[in-house]
Colleague: 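The structure that follows is given in the form of structure tokens.
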2 protein chains.
Amino acid sequence: MINKISTEKCKSSIKALEDAMYVIGGKWTLRVIIAIKDGHTRFNDLQRTIDGISAKVLSGVLKDLEQNGFVKRKVDIGVPVVVEYELLPYAESLQDVLNALVSWGEAHRNKLIKVQEMSIAQP
Amino acid sequence: MINKISTEKCKSSIKALEDAMYVIGGKWTLRVIIAIKDGHTRFNDLQRTIDGISAKVLSGVLKDLEQNGFVKRKVDIGVPVVVEYELLPYAESLQDVLNALVSWGEAHRNKLIKVQEMSIAQP
DNA sequence: GTTACTACTTACCTTATGTATAGTAGTAAC
DNA sequence: GTTACTACTATACATAAGGTAAGTAGTAAC
């Protein structure tokens, strides 16, 4: 028997999750944030660091990140023009999410490797 | 100047993130887990709780969750046949991820509402 | 004069994901 | 006899995200 209170709480959790995933659930969004955090601030540098991302997609992700207040686009007029992307303080609010996802991802990968080893040892 | 160590660490973080998002980054995956956690164990109950999910998608998500060891499918033969989905212990390892995402989603929503209020107050 | 660097943009194509609608089968209430 | 419940499955269609490849513009090295 499900009571109404738990269901309401459940629905609001699901809504919050939706909001989060809408903003940071894209295939590349968090990868770009991690790379910028690591010190890769320029476009081509980011593209080289993030395996498999195309210029088009990177450009789109950076625009979204700017709109959502995670990143600032800084243009240094010179020869050649250099554009730098800086993380804004709001990006730090994602730290818990990033830590949780990265460490869960590592643990999950280790689990898969163990399962694989066991199936090789005892086929 | 980026040193090699930080870049390697960055790439491995990105890989871990990829692994995590591959398993739980689907649009509905975590929503279904939250709903089961909340006590909604039957198919139609889940479909009613998770707004907008179709039977086809729910069916597919439940199969994935079963394959990944998050959920157990329990069939009670009776009239009518009742199928119950139970969370397995491995699903608990997602607790940190869920907490982080839900609380970030709530905070983000509150931030958006504040920004909206300010733009109405001072147009 | 051809290649490479800076940082992208544009157009097109593919694929994954999701949506909508209907159908299956057995039972039972109205 | 029609509706509703159980839990799905099947089919067809729509959309949106992402992938591919080429182009732009200015400079500079070879």
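Values in this document were obtained by computation on a predicted structure and should not be read as measured data. Every chain is numbered from 1, with letters handed out A, B, ... down the list of sequences. The figures here come from the full heavy-atom set of this structure, side chains too, leaving out hydrogens, waters and symmetry mates.
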Colleague: Could you give the CH2-to-C1' distance, from Trp28(B) to dT19(C), as a whole number of Å?
Modeller: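 My rounded result for the distance is 10 Å.
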Colleague: Heavy-atom nearest nucleotide on DNA chain D for Gly25(A) versus Ala55(A): which residue maps closer to 5'?
Modeller: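 This one resolves to Gly25(A).
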Colleague: Atom CZ of Arg42(A) and atom C1' of dA7(C): how far apart are they, to the nearest Å?
Modeller: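 Atom CZ in Arg42(A) sits about 11 Å away from atom C1' in dA7(C).
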Colleague: How close or far is atom C1' of dA11(C) from atom NZ of Lys56(A), stated in whole angstroms?
Modeller: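 The distance from NZ of Lys56(A) to C1' of dA11(C) comes to 9 Å, rounded to the nearest Å.
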Colleague: Within the 4.0 Å heavy-atom criterion, would you say Val57(B) contacts the bases, only the backbone, or no part of the nucleic acid?
Modeller: base
Colleague: Measure from CD1 on Ile77(A) to P on dC8(C) and round the result to the nearest Å.
Modeller: 13 Å
Colleague: Testing Leu88(A), Leu87(A), Val32(A), Ile24(A) one by one against Leu65(A) for a side chain to side chain contact (heavy atoms under 4.5 Å, CB included), which residue passes?
Modeller: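 By the side chain to side chain contact (heavy atoms under 4.5 Å, CB included) criterion, Leu65(A) pairs with just one of Leu88(A), Leu87(A), Val32(A), Ile24(A): Val32(A).
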Colleague: Distance check: side-chain N/O of Lys27(A) vs OP1/OP2 of dT15(C), anything under 4.0 Å?
Modeller: no
Colleague: What range of DNA chain D does chain B touch, first nucleotide to last, counting atoms under 4.0 Å from its heavy atoms?
Modeller: dT6(D) to dA12(D)
Colleague: To the nearest angstrom, how far is Leu62(B) atom CG from dG18(C) atom P?
Modeller: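 In whole Å, dG18(C) P lies 13 Å from Leu62(B) CG.
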Colleague: Does Lys111(A) qualify as a cation-pi partner of Tyr90(B), given the criterion of NZ or CZ under 6.0 Å from the six-membered ring centre and within 45 degrees of its axis?
Modeller: yes
Colleague: For DNA chain D, which consecutive runs of 3 or more Watson-Crick or G-U pairs (each distance under 3.5 Å) count as stems?
Modeller: C:1-30 with D:1-30
Colleague: Could Lys72(A) and Glu66(A) be called an ion pair, given the rule that one side-chain N must be under 4.0 Å from one carboxylate O?
Modeller: no
Colleague: Gly52(B) near the nucleic acid: base, sugar-phosphate alone, or nothing, with a heavy-atom cut-off under 4.0 Å?
Modeller: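 The answer is sugar-phosphate, as Gly52(B) gets under 4.0 Å only of primed atoms, P, OP1 or OP2.
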Colleague: Under 4.0 Å between any heavy atoms, over every strand shown, what does Arg48(B) touch: base, sugar-phosphate, or nothing? Just pick one.
Modeller: sugar-phosphate
Colleague: Using modelled atom types only, decide if a donor and an acceptor are shared between the side chain of Asn68(B) and the backbone of Asp64(B) within a distance under 3.5 Å.
Modeller: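 Yes; judged by distance alone, with no hydrogens or angles, the pair exists.
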Colleague: Return yes when atom NZ of Lys37(A) has more than 12 non-hydrogen atoms of other residues, nucleotides or ligands closer than 6.0 Å, and no otherwise.
Modeller: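 For Lys37(A), atom NZ is crowded (more than 12 foreign heavy atoms under 6.0 Å).
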Colleague: If you count heavy atoms of other groups shown closer than 6.0 angstrom to CD1 of Ile77(A), is the number above 12?
Modeller: no
Colleague: Strictly below 4.0 Å, N to O, side chains only: are Glu84(A) and Arg42(A) in salt-bridge contact?
Modeller: no
Colleague: So which one's nearest nucleotide on DNA chain D is more toward 5', Asn44(B) or Ser59(B)?
Modeller: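 Of the two residues, Asn44(B) wins.
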Colleague: Does a side-chain N-to-carboxylate-O contact under 4.0 Å join Lys11(A) and Asp38(B)?
Modeller: no
Colleague: Could you verify whether a donor N or O on one side chain and an acceptor N or O on the other, from Asp45(A) and His40(A), lie under 3.5 Å apart?
Modeller: yes
